[in-house]
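Worksheet: the structure to be examined is printed underneath.
Within every chain, numbering begins at 1; the chains are lettered A, B, ... in the order of the sequence lines, protein sequences first and strands thereafter.
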Amino acid sequence: MSTQGTTSRLHSGPGLPADVLAELRGFVGDQHVLVHDGDVEPFSRDATPLFRARPDAVVLPATTAEVSAILALATRRGIPVTPRGAGSNLAAATIPEHGGIVLVLTRMNRVLEVSQGELLAVVQAGTTTATLADAAAAKGLLYAPDPGSRTVSTVAGNVAMCAGGLRGLKYGVTRNYVLGLEVVLPTGEVMRTGGRLWKDVAGYDLTRLLTGSEGTLAVITEITVGLLPMPATSSTGVAYFDNLSDAGRAVAQIIAQGTLPATLEFLDNRCVNAVEDYAQLGLDRQAGALLLFGDDGGPDVVAASLQRMADVCTDIGARGVTLAQDIAGSEALLYARRCSLPALARLAPITMLEDVTVPRPKLAEMVDTIDAITAKHDVTCATFGHAGDGNLHPTVVFDPGDGDARHRAEAAFDEIFHAAMALGGTITGEHGVGAAKRPWLAARLGPDQLALLKRIKTAFDPAGILNPGKLGS
Amino acid sequence: MTDRDIFDKDLLAACISCGFCLPACPTYAMTQDERSSPRGRITLMRALETGRLDEDDPTLQEQSSFCLGCRACETVCPAGVQYGALLEQWRDHQWRGRHVPPAALALRTGMRAKPLIEAAGRIRGAAKPTGPARPDVEAHLMLGCAERAMFPQLSKAVLRLLPDAVDVPSGQGCCGALHAHNGDSRTAHRMAEELGEVMPGVILTTAGGCGAHVAQVLGRERVRELSEFLLQYWGEHPDRLPDLRRLTVDGRPVRAALQDSCHLRNGLHVTAEPRELIARVADYVELPSAGTCCGAAGTYSILRPEDSQRVLDIHLDEIEAADLDYLIVVNMPCQRQMINGLKRRGSKVRVLHLAELLASAL
């Protein structure tokens, strides 16, 4: 990754100046400023394979005021700051490529409020997604976004990356639930955007701009999210098809007839077989595609919705359709989807989980294209994903000791990203751009939009200290 | 940089760094700090393996010892990382020379003295060894090392529950679990093998930590923990199932909760069996943190008493809130930890091993 634009004026070299470290220690206490090699090493990577960069220091603030003091100092002295939550992102968004400070928000992890009357919750940045969802559920409310990393990931991390999840089609993604933010600008100002209102059009929608800004514009310290009443029940069914085209037609038909299912997930044949090898669930190994469909709501509505979807699958010519009889049955069916990653991750040491997204009607075509590209490059790949969102997770596994396996995988992904864009899709649906997808961002946005991103970046971050090298840097 | 062969290459390569282990880790829960998470520690192990960091790095020393070794991370790991094995390899290398915690060295040396352990068992009145292993029994009862000296009543309770089904072979030493967890897995391996020679066939243990270690060395099929053995044996021999009465205090049913043994749960994957047995004689109460480490962690409570206490406090709060009569344990170090912790708080809750609980219902 090249150093470019505003980042070239940043502090570089081994370690931070002694007076800067002394100030940082004054802000947060000695034990929350880490500088020794072993102390900072664990913060040199996140969940993205093959990306690693050791920071000069790791700082763990406990309050918004501390974050403000740290950022003002960093801007004054030109020190890169990379915000980090739990480090579960898959786009190398928290890798400190330019060194400097990794700013870890996990100590700020309190749920401040869950309001049944207002249908909202207020949490600190480092609260995990599951903690928020559990706190909401305890009051009969649903926090709808459910990224796969929900037990690990922080809410601020979800907002910074605009995390998605399995319920995207019916419920949307993180951005649809962020009502307000407390953020600290790189220059130190503490600011609240949005608030507790579902309706509020005063000013540019900075809340949405900051959602998905990947820690390049401001540091998120507190989040107000919207909640929904918890659906009374949910259920799931599974259908097997000869090929992905049939599954794709079933998805289109389900939506065309007016059903907006809570779950619409698919596994391709390779993924079905990997899961079956791993968990022996009795899946149909010959099927070209497995489609999981489900809905939530009142019992009658759910039953009718499931039956409609099952009928569509049967009409399309599914090899087999099964509806869960109870909650346990639903869990058993969903388990096939849940163990996709475990099953694939066990095949080889490196697991590259990507997330290109295409318009829903192009889903089957995209999977065929992925198969052709990975075959051409002799790469082991299986694909699963969110059929309702056109969001695919082609997952490549390889052994780094296997000659040029890494280069073949990277070459395959380069072609996959361009193929997705050619179909009207995007390079990432829900994982983010980070450092991992930055080389393809220009192709996705075009020069004018990329230039606008850079101007926005400069407006927020004149010294270019926040997560340099990412998005609009 | 070339690898230093400190770790099994394949085991170390298996981690995909997804971070799913973070919420399962008791030390991460305490600190919210990546350094004290399983993923963070594996990143440190990898730096040690490739030479980016060396064993003199204070973070390596601190994190190798701060880890409880509870293996809760293994149960949530999508990639199937064998963290417990990696930790043993790390400590084998890290805890050498001046880096050995003195208490670990003392414990390792002490528990190799078989005659001393046997004498302690005799003096304290643990179950009497019955001579060489008999071929006609269902299993051989393992006496343990510290268990024999500190809780001699456990082996006797087992014999009351299983008359004629088991013998108590003479010549048993320590199984070596303590050594495996304290930086000497080579000795640990040899000690488990020696134990296996004294007790050919199925070994019955009352300690989850010992059981997981012996199973790792001798094979899972050679080891039965008490609860799984009782259910299996009584299932196959209904005539041997004793009449267990329901226990009462002040005329009402006893309320009893289980504290899992980490290595029984995460290593041997036994969770339902002790709960089922408790429910046969008492009203079973599931504590929210029953499945997470109590801080005993083998010898951790001796090596790091303050951190051990912090982990324990969460459990003590829950126990006090649950209005219990008995807390049931299935591992000796947990028993010691819980007795001491509840005593310090002046709690009236009694700590019993599952063997004692069931024997009291005969």
Member of B:P23, B:S37, B:C21 meeting the side-chain contact (heavy atoms from CB on, under 4.5 Å) criterion with A:V152: B:P23
Distance, nearest 0.5 Å, that separates SG of B:C18 from CG of A:L353: 10.5 Å
Top contributor to chain B interface from A:T48, A:D39, A:I350 [non-hydrogen pairs under 4.5 Å]: A:D39
Heavy-atom side-chain contact between B:L44 and A:P42 under 4.5 Å: yes
Side chain, backbone, both or neither of B:C77 within contact of chain A (heavy atoms, under 4.5 Å): backbone
Between B:L53, B:T31, B:L48, the one whose heavy-atom pairs under 4.5 Å with chain A are most numerous: B:L53
Portion of B:R39 that has a non-hydrogen atom of chain A nearer than 4.5 angstrom: side chain
For the student: nearest non-hydrogen atoms of A:T106 and B:Q32, plus distance: OG1-O, 2.7 Å
Nearest heavy-atom neighbours spanning B:R52 and A:R52: NE-NH1, 3.0 Å
Contact check, side chains of A:V104 and B:E34, non-hydrogen atoms, under 4.5 Å: no
Smallest separation among heavy atoms of B:D33 and A:F43, with atom names: OD1-CZ, 3.5 Å
Between B:A13, B:A79, B:G40, B:A14, the one whose heavy-atom pairs under 4.5 Å with chain A are most numerous: B:A79
A:L34 side, atom CG; B:T59 side, atom OG1 - distance, nearest 0.5 Å: 8.0 Å
More than 12 heavy atoms from other groups under 6.0 Å of CZ on A:R110: no
Chain B interface, residue from A:L90, A:D46, A:D399, A:T131 that has the most non-hydrogen pairs under 4.5 Å: A:D46
Proximal component of B:L22, with respect to chain A [non-hydrogen, under 4.5 Å]: side chain
Which atoms of A:L347 approach chain B - backbone, side chain, both or neither, heavy atom under 4.5 Å: neither
Winner by heavy-atom pair count (cut-off under 4.5 Å) against chain B, out of A:D37, A:T351, A:T128: A:D37
Greater than 12 external heavy atoms within 6.0 Å of B:Q82's CD: no
Pairwise distance CD1(B:I16) to CG(A:L344) - rounded to 0.5 angstrom: 9.5 Å
Under 4.5 Å from any heavy atom of chain B - which part of A:N109: side chain
Student check: side-chain heavy atoms of B:S17 and A:R45 closer than 4.5 Å: yes
A:R346 side-chain N/O to B:P78 backbone N/O, donor-acceptor pair under 3.5 Å: yes
Carboxylate-amine/guanidinium contact B:R46 A:E41, below 4.0 Å: no
A:R338, part contacting chain B, at a heavy-atom distance under 4.5 Å: neither
